[in-house]
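Working notes, structure below.
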Amino acid sequence: MADLPIDLEDGLTERLARALDVEAKIPRALEALGPVRGRDVLLLDGADGIRARQLAELGARVSFAAASGPAGIDAPDDSADLLISMWTRFRGFDPGESAAAARVLRPGGRLLVVLDYGRDDVSKLRGDMSEYGLLSRRDGPYLRSGFRVRVVHCFWTFDSQEETTTFLDDAFGAVGRDLAVGLKRPRLSYNVAVYHRGFGAAS
């Protein structure tokens, strides 16, 4: 899931893609933490979709690699300046995943992992997730493994209250309808964590 944080049916996926982070705060955060401009960026378990296009528009040279190959990441040694994982199963704090990232990154390269952070409207739709608890805690595996975190305060923004209610009903049923009742604007607060760390001499 390189483009969206949640699996939905095709029609709903398109509707969410139009609404998620219309302000483009997420790609701007990746540029600030990378940067990505003029650099070789490897998008893990990604595809040529919205996020790849956003990175390319920022000046990144984007390529893709599976993160579950025999060597962990299906890419040559020292082949990337940045690794970016967006809502995938690759978390980066596991010793094996960290070693795979270190192998693929050039000295001074950086790993950026984008996950939901919670403490927002969207988390009320999704129930109990490790991203909302253990992973984001000060004593959690990211901060204990040398990562830092930047929280990006985004939105799911729709054109009208009616469109918001209809989408939430279609995508999430009763939970979505209940949330829609309490919304005063046609948008949902959505917090994203970018966990980031460097590897090598320039990190």
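Since this is a predicted model, take the numbers as computed values, not measurements. Just so you know, residue 1 is the first one in the sequence shown, and it goes up from there.
For the pair I50/R18, no side-chain contact is recorded, criterion being any heavy-atom separation below 4.5 Å from C-beta on. Inter-residue side-chain proximity for V152 and N191 is flagged as unmet; no heavy-atom pair is nearer than 4.5 Å. A 4.5 Å side-chain heavy-atom check between D40 and L82 finds every atom pair outside the cut-off. The shortest side-chain heavy-atom distance between L20 and Y190 falls under the 4.5 Å cut-off. Using a 4.5 Å heavy-atom cutoff, the side chains of L58 and P27 are in contact. Annotation: side chain of L44 is in contact with side chain of F90 (closest heavy-atom distance under 4.5 Å). With a 4.5 Å cut-off on side-chain heavy atoms, R150 and L33 count as touching. The side-chain heavy atoms of I73 and L42, taken from C-beta on, include a pair separated by under 4.5 Å.
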I would like to know whether S136 and R119 meet side-chain hydrogen bond (donor to acceptor under 3.5 Å, both in side chains); could you show each step before the answer? CA-CA 11 Å; S136 63; R119 304 151 178 86; 3.1 Å; yes
Which is it for R103 and D78 under the salt bridge (Lys or Arg N to Asp or Glu O under 4.0 Å) test, yes or no, and what are the steps along the way? CA-CA 6 Å; R103 177 185 63 79; D78 300 321; over 6 Å; no
Working note: V104 + L83, criterion side-chain contact (heavy atoms from CB on, under 4.5 Å); need CA distance, chi angles, decisive distance, verdict. CA-CA 8 Å; V104 171; L83 297 180; 3.9 Å; yes
Decide side-chain contact (heavy atoms from CB on, under 4.5 Å) for R91 and S130; before the verdict, give the C-alpha distance in whole Å, the side-chain angles of both, and the deciding distance to 0.1 Å. CA-CA 12 Å; R91 300 303 170 91; S130 61; 4.2 Å; yes
Using side-chain hydrogen bond (donor to acceptor under 3.5 Å, both in side chains), reason through H196 and R110 one step at a time and then give a plain yes or no. CA-CA 7 Å; H196 56 99; R110 295 186 63 75; 2.9 Å; yes
Between R51 and W87, is a side-chain contact (heavy atoms from CB on, under 4.5 Å) present by the stated rule, with each step listed? CA-CA 11 Å; R51 308 306 158 199; W87 304 296; 4.0 Å; yes
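Considering D10, D170, D169 in turn, D170 is the only one that fulfils the salt bridge (charged side-chain N to carboxylate O under 4.0 Å, His left out) rule with R15. Screening I26, D3, V113, L112 for a side chain to side chain contact (heavy atoms under 4.5 Å, CB included) involving M86 leaves a single residue, I26.
D77 CG: more than 12 foreign heavy atoms inside a 6.0 Å radius. For D139, the CG atom sits in a packed shell: over 12 heavy atoms of surrounding residues, nucleotides or ligands are nearer than 6.0 Å. E162 CD: 12 or fewer foreign heavy atoms inside a 6.0 Å radius. The environment of R185 atom CZ is sparse: at most 12 non-hydrogen atoms of other residues, nucleotides or ligands sit within 6.0 angstrom.
When all heavy atoms of F64 and G46 are compared, the closest pair comes out as CD2-C, 3.7 Å. In terms of heavy-atom proximity, V192 sits nearest to Y117 at C-CB, 4.0 Å.
Side-chain N/O atoms of R106 and S79 include no donor and acceptor closer than 3.5 Å.
To the nearest 0.5 Å, atoms NZ (K124) and CG (L168) are separated by 12.0 Å. Separating the CG atom in L55 from the CZ atom in R61 is a distance of 13.0 Å, to the nearest 0.5 Å. In this structure, R37 CZ and L30 CG are separated by 13.0 Å, a value rounded to the nearest 0.5 Å. Here the OG atom belonging to S189 is positioned 10.0 Å from the NE2 atom belonging to H153, to the nearest 0.5 angstrom. We find the CG-CG distance between L135 and L115 to be 6.5 Å, quoted to the nearest 0.5 Å. Considering CG of D94 and CZ of R89, their distance stands at 14.5 Å, rounded to 0.5 Å.
One finds no salt bridge joining D48 and R53 here, because no Lys/Arg side-chain nitrogen approaches an Asp/Glu carboxylate oxygen to under 4.0 Å.
A parallel orientation is assigned to the rings of W156 and F172, their planes being inclined by less than 30° (bins at 30° and 60°). Between Y195 and Y142, the angle of the ring planes stays under 30°, which puts this pair in the parallel group of the 30/60° scheme.
F158 and F167 have their aromatic ring centers within a separation under 6.0 angstrom.
For S123, the side-chain hydrogen bond (donor to acceptor under 3.5 Å, both in side chains) partners at least two apart in sequence or on another chain are D120.
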